[in-house]
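Shown next, in structure tokens, is the structure this report addresses.
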Amino acid sequence: MTSTYERPPAPEVFNPLSAEALADPASMYERIRTEQPVFWHEGLGTWVITRREDVDTVLMDWKTFSCKGNGSGIPVPDQFESVVTSDLLSHISVSMDPPIHTEMRRVAQRGFLKPVIDALEPEVVARANRIIDRFADLGQAELMEEYCLELTTQTLMALMNLPDSFEQMMRQLRDDHFAVLASGREPMEEPRRTQVWTRYTDAQLRLREVVRERRNSDATDLISVMASAKNRDGEPTLSDERVALHLCEFSAAGTDTTAQGMANAVIFLSRNEEQLTQAQGDPSLWARVFEETLRRRPSAPFASRQATRDVELSGITIPAGDMVWVALASANNDPDYYPEPKKWDIHRDEPTDHYSFTKGRHTCLGQPLGRMQGTAGVRTLFERLPSLRIAPDFEQDFLPLVMLPIRRSLAASWDDSTT
């Protein structure tokens, strides 16, 4: 970078990997939003944007704040380049701008239409109940792995209409895709790098086979919808490789973030007994439980963009070419927009008015699915186990990835006589 613009350094309180920030990302920003709302972080090599007004500007202006920088810098080991090329990885949805992003979104959108997702809900509830059956009589469970991640993986299996033989691959793929994305900033060491990439390329090849099998399908599952889409010349809109790549993205984004949301909802409900009682008495409130959880503690604390021109935010000039991270956790808890933002309140006037699914052209494609399965998953859990609460000695445990801190455990217990 050759710019001579001033780069105000990060405040000392900004440490996204501290125990406090992992547990509550919004906690870092109470003073920062007022005193230093835009700053440069040398270690991360990015600007951090904290005010909701500035976050809105970045998310809504894709021409000035591009996503193309998000796919750059992912090193593909030489032995896997013939299967997953660097060019292919540049087409992950989080690194595309219109018009190519619009094309992909148009193809996949049909798989996430409300009638499709509504029709899937009974199957999600049935699978949730079967998962709960495994541990209901035990009186305790590690909910993150045993329920939250298991349900979101099962939901994705149903959405893609994949047979049971794919279960283990899809469970592993959610972690491997995140590891591949993170490797641009957090290089993997051997032998882990080869292990991850071997599994990742094998999964890509296996999914490509399924795509080819469903090219002429008229089914409504996500793979069939994407595989059967044709352009004006009657040719497939997306290649086998592109469809499989996007399926890998969905296997990660469509499982982990919603699982985090469900786990966080359990924590908030355990600490807000009155509102839990209200939701148990009025099923219409469960959707608000999930939305308020996403507002207060978004699963992904940041979204990333790259400035395409010199641009000013909150009096600070960001040079063209610099990366920009918008702090979704800060925007979701900005007191200029939310009364008592730190209070978890399922009765807010506009429960969906948050940025946890981002905003603009890159609003999360799978948000209808995330909202449905997150709401249904939490509701079913407390319908079956009404006395469930986080364990008294519960300790936060995270895999501390900067962009997406991943909760690794959530111990819960209940009175098994009420199951």
Side-chain angles (χ1 to χ4, degrees), residues 25 59 92-94 104-105 108-125 127-128 131 143-144 147-160 170-171 173-174 177-178 221-222 225-226 246-269 285-303 328-329 331-332 346 350-381 403-407 410:
L59 295 179
I92 58 176
S93 62
V94 295
M104 183 284 296
R105 194 176 181 92
Q109 188 74 58
R110 289 172 47 222
F112 294 99
L113 293 176
K114 191 174 186 302
V116 175
I117 301 305
D118 287 348
L120 188 65
E121 183 171 2
E123 178 63 22
V124 172
V125 172
R127 293 188 183 217
I131 295 169
L143 286 185
M144 193 63 207
Y147 181 72
C148 301
L149 280 169
E150 184 64 16
L151 178 58
T152 55
T153 301
Q154 290 285 327
T155 298
L156 198 71
M157 293 280 294
L159 182 72
M160 296 183 181
M170 297 304 288
R171 289 191 186 98
L173 185 55
R174 69 194 182 211
H177 184 76
F178 280 131
D221 66 88
L222 181 61
V225 164
M226 297 187 71
H246 296 316
L247 295 174
C248 289
E249 289 188 83
F250 298 146
S251 73
T255 55
D256 192 273
T257 51
T258 304
Q260 303 292 331
M262 287 193 288
N264 290 329
V266 172
I267 294 173
F268 282 121
L269 288 165
L285 292 176
W286 287 114
R288 285 176 167 269
V289 166
F290 194 64
E291 295 291 348
E292 177 65 356
T293 296
L294 295 180
R295 181 201 70 80
R296 183 63 186 85
R297 210 283 187 206
S299 299
F302 298 101
L328 304 177
N332 279 0
I346 65 175
E350 298 182 58
T352 62
D353 183 27
H354 58 76
Y355 287 164
S356 294
F357 294 108
T358 72
K359 189 178 180 180
R361 297 292 185 103
H362 280 270
T363 298
C364 177
L365 183 65
Q367 64 171 301
L369 177 67
R371 285 181 154 122
M372 180 276 287
Q373 68 171 325
T375 299
V378 176
R379 182 189 69 230
T380 304
L381 186 64
M403 290 292 287
L404 182 68
I406 298 174
R407 187 182 299 281
L410 179 63

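- The shortest distance between side-chain heavy atoms of Arg297 and Gln260 does not fall below 4.5 Å.
- In terms of modelled atom types and a separation under 3.5 Å, the side chain of Thr152 and the main chain of Leu149 share a donor-acceptor contact.
- In this structure a side-chain-to-backbone donor-acceptor pair under 3.5 Å is present from Arg127 to Gln154.
- At distances below 3.5 Å, not a single donor-acceptor pair connects side-chain atoms of Arg174 with backbone N or O atoms of Ser251.
- Between Phe250 and Phe112, a ring centre-to-centre spacing shorter than 6.0 Å is recorded.
- The backbone N or O of Gly377 lies less than 3.5 Å from a partner atom in the side chain of Tyr147, making a donor-acceptor pair.
- In terms of modelled atom types and a separation under 3.5 Å, the side chain of Glu249 and the main chain of Ser93 share a donor-acceptor contact.
- Between the side chains of Arg295 and Ser356, no donor-acceptor pair of N or O atoms lies under 3.5 Å.
- Checking Glu291 against Thr352 by side-chain atom types alone, no donor-acceptor pair falls below 3.5 Å.
- Here the CE-OG1 distance, from Met262 to Thr375, works out to 10.0 Å after rounding to the nearest 0.5 Å.
- Using modelled atom types, no side-chain atom of Asp256 and backbone atom of Ala252 make a donor-acceptor pair closer than 3.5 Å.
- In terms of heavy atoms, Leu269 sits closest to Val378 at CD1-CG1, 3.9 Å.
- Across all their heavy atoms, Glu123 and Ala158 have their closest contact at CG-CB, 4.1 Å.
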Dump the intermediate steps for side chain to side chain contact (heavy atoms under 4.5 Å, CB included) on Leu222 and Leu247, then the final yes or no.
CA-CA 9 Å; Leu222 181 61; Leu247 295 174; 4.2 Å; yes
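- Taking 4.0 Å as the cut-off between side-chain N and carboxylate O, Arg371 and Glu121 do not count as a salt-bridged pair.
- Put simply, the side chain of Thr363 gets close to the backbone of Gly360: a donor and an acceptor are under 3.5 Å apart.
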Under the side chain to side chain contact (heavy atoms under 4.5 Å, CB included) rule, what do Leu381 and Leu143 come out as? Steps first, then yes or no, please.
CA-CA 10 Å; Leu381 186 64; Leu143 286 185; 4.1 Å; yes
Apply side chain to side chain contact (heavy atoms under 4.5 Å, CB included) to the pair Phe357 and Leu365, showing each step before the final yes or no.
CA-CA 9 Å; Phe357 294 108; Leu365 183 65; over 6 Å; no
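- Checking side-chain atoms of Asn264 against main-chain N and O of Thr293 turns up no donor-acceptor pair under 3.5 Å.
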